[in-house]
Protein chains: 2
Amino acid sequence: MASRISAVSIVEAVASDLRVRIFSGELVSSQALTETDIASSYEVARPTAKAAIEKLVAEGLLVRGVHKTARVADLGPESVRDIYLARAYLESEVLRRLAAGRTVPAAAVQANRDIAALKTGAPLDVVEPDMRFHTSLIDALGNERISKMYSSLVAEVRLCMSRVQSLHLLDTALIQAEHQKLLELIEAGQGEDAARLLDQHLGRARERLVAAMGGEAGPEAELPSSLVGE
Amino acid sequence: MASRISAVSIVEAVASDLRVRIFSGELVSSQALTETDIASSYEVARPTAKAAIEKLVAEGLLVRGVHKTARVADLGPESVRDIYLARAYLESEVLRRLAAGRTVPAAAVQANRDIAALKTGAPLDVVEPDMRFHTSLIDALGNERISKMYSSLVAEVRLCMSRVQSLHLLDTALIQAEHQKLLELIEAGQGEDAARLLDQHLGRARERLVAAMGGEAGPEAELPSSLVGE
DNA sequence: AGCAAACCAATTGTCTAACAAGTACACATG
DNA sequence: CATGTGTACTTGTTAGACAATTGGTTTGCT
């Protein structure tokens, strides 16, 4: 069905489209993606489809063993915890750095403005600007490696999000308010407070995601959420 | 020259051998690696060589633009700073966690014992157990994502090391002593102290590496070397 | 002679076709 | 019912070929 695409690289174009389809939920978890199927649906050769698949496997969006068909990754609650812990490690340190220089990234401000702008629409609409907000903070550090690491984490988060269709659990107003507070703390140079708020922000998102995925909340679910009012 | 190799995957075998040759310094920075050359030297088909190259490009060991020959990555001082900053972000938080649980990884103890054992030999010999020490700490956390991130950083560090042949700047005894101190601080549950010592440990290694690389002729040789002040 | 444009060799991107090897599931058999 | 076998499907790898791009070289014009 997907028509022939051509861009800078056919492999990249195919991988990019598959990525979108995975994030949109069109391709669900554990769905099989054979090389020949992809090759025929995009009207490309099998090696091209193979390369695109391997790209996504390297990104963690697909999984496959030797001589086995690639499948959309099925991330469990423990994976979500790993991902969010890694996010917290990177992002909290970045916040301390930004606060030390009182650097408020313009892109992050804009991203949060976009979140505030969307009052309605599908619940998944908040995912993109939310990820953009956090990515903007990371990118403001100007560290290529850290940005790349964070990108891979964001990709996995989006994969998790696509699994959870009942996203009324995403409180857009709360997300926007906490982002705003983060920016203010950075501007005030209060790095420790910003890092602490971020930990709560990510921790709550993580627990809601784990809960929505049907996973049992872990033993460390007892974070006092009342701290957020602050 | 390189004889035919066969393992679980030919692509992985070729990539693995190239990796060793890069780390050993046999393949120097900016050296061109054409697909046909690799294919003929390993007696594999060109697509296989291509896949191996792309694997190493994804790892950051090789770089290449579209339609251009792959080359061994040439990391400058700013890359070294990025890499070591990322290492510090991840590893210092991991140390705090390990100290909180008073978890002293047996593999790290063994790795440091190996460093103590080698009193002589080529200066590059200390690189492997040193990296193993740090990787053991990270792996003890049991977080798959963080371990993978750290692996990519280690690979780039080893690439830098291979560029610096005059490694008398590596003080084996000092490295071993600081590692020992780190383990003791973890055992004592003093996470903050361990994190602080690690920052110094990594900071010193970074500055030595930058200084050693700065003396050589690099593309960014014209920037004031006084920035490296130690 | 000097500079610019066209040409050419080398390399990569992609495709087609094919065979080998491994996996998974159904089927037959004890 | 359990177990072994076999067959279809899928992936791993190869060979050869052609298009597209890059970079250097050569040619042509002033």
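Proteins come first, then strands; the chains are lettered A, B, ... in the order of their sequence lines, and each starts at number 1.
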*Pro47(B) or Leu33(B): which one's nearest nucleotide on DNA chain C is closer to the 5' end?*
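Closer to the 5' end of DNA chain C: Leu33(B).
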*Return the 5'-most residue of the pair Lys68(A), Ala45(A) with respect to DNA chain C, ranking by each residue's nearest nucleotide.*
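First, find each residue's nearest nucleotide; the 5'-ward one identifies Ala45(A).
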*Is there a side-chain contact between Val28(B) and Ile22(B), using heavy atoms and a 4.5 Å cut-off?*
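The answer is no, as the side chains (C-beta and beyond) never meet within the 4.5 Å cut-off.
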*Heavy atoms, side chains only, cut-off 4.5 Å: are Val63(A) and Val57(A) in contact?*
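Not touching, per the 4.5 Å side-chain cut-off.
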Roughly, in whole Å, what's the span from [atom1] in [X] to [atom2] in [N]?
| X | N | atom1 | atom2 | answer |
| --- | --- | --- | --- | --- |
| Glu43(A) | dT16(C) | CD | C1' | 15 Å |
| Ile10(A) | dA20(D) | CD1 | P | 11 Å |
| Ile53(A) | dT10(D) | CD1 | C1' | 11 Å |
| Glu54(B) | dT13(D) | CD | C1' | 15 Å |

_Close approaches to DNA chain C from residues 57-67 of chain B, in residue order (heavy atom, under 4.0 Å)_ =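 Residues of residues 57-67 of chain B under 4.0 Å from DNA chain C: Arg64(B), His67(B).
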Selected nucleotide, minimal atom distance to [X] side chain, candidates [options]:
| X | options | value |
| --- | --- | --- |
| Arg46(A) | dT14(C), dT11(D), dT12(C) | dT11(D) |
| Thr48(B) | dT14(D), dT16(C), dT10(D) | dT14(D) |
| Ser9(A) | dT14(C), dT11(D), dT16(C) | dT14(C) |
| Lys50(B) | dT12(C), dC15(C), dT14(D) | dT12(C) |
| Glu35(B) | dT12(C), dT16(C), dA24(C) | dT12(C) |
| Val11(B) | dC15(C), dT13(D), dG23(D) | dT13(D) |

_Less than 3.5 Å apart, any donor N or O on the side chain of Asp17(A) or Tyr42(A) sitting next to an acceptor on the other?_
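On atom types as modelled, these side chains qualify, holding a pair under 3.5 Å.
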*Please work out whether the ring planes of His179(A) and His201(A) are parallel, tilted or perpendicular, with thresholds of 30° and 60°.*
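Aromatic pair His179(A)/His201(A) classed perpendicular.
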*Would the number of heavy atoms belonging to other residues, nucleotides or ligands and lying under 6.0 Å from CZ of Arg97(B) be above 12?*
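No, not enclosed.
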*asked:* Strictly below 4.0 Å: does Thr69(B) bring a side-chain N or O up to OP1 or OP2 of dT12(C)?
replied: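 Yes, such a contact exists.
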*Residues forming a side chain to side chain donor-acceptor pair (under 3.5 Å) with Glu26(A), sequence neighbours excluded*: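 Listed in chain order: Arg21(A).
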_Donor-acceptor under 3.5 Å (Arg163(B) side chain, Leu75(B) main chain)_ =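 Confirmed, Arg163(B) side chain pairs with Leu75(B) backbone.
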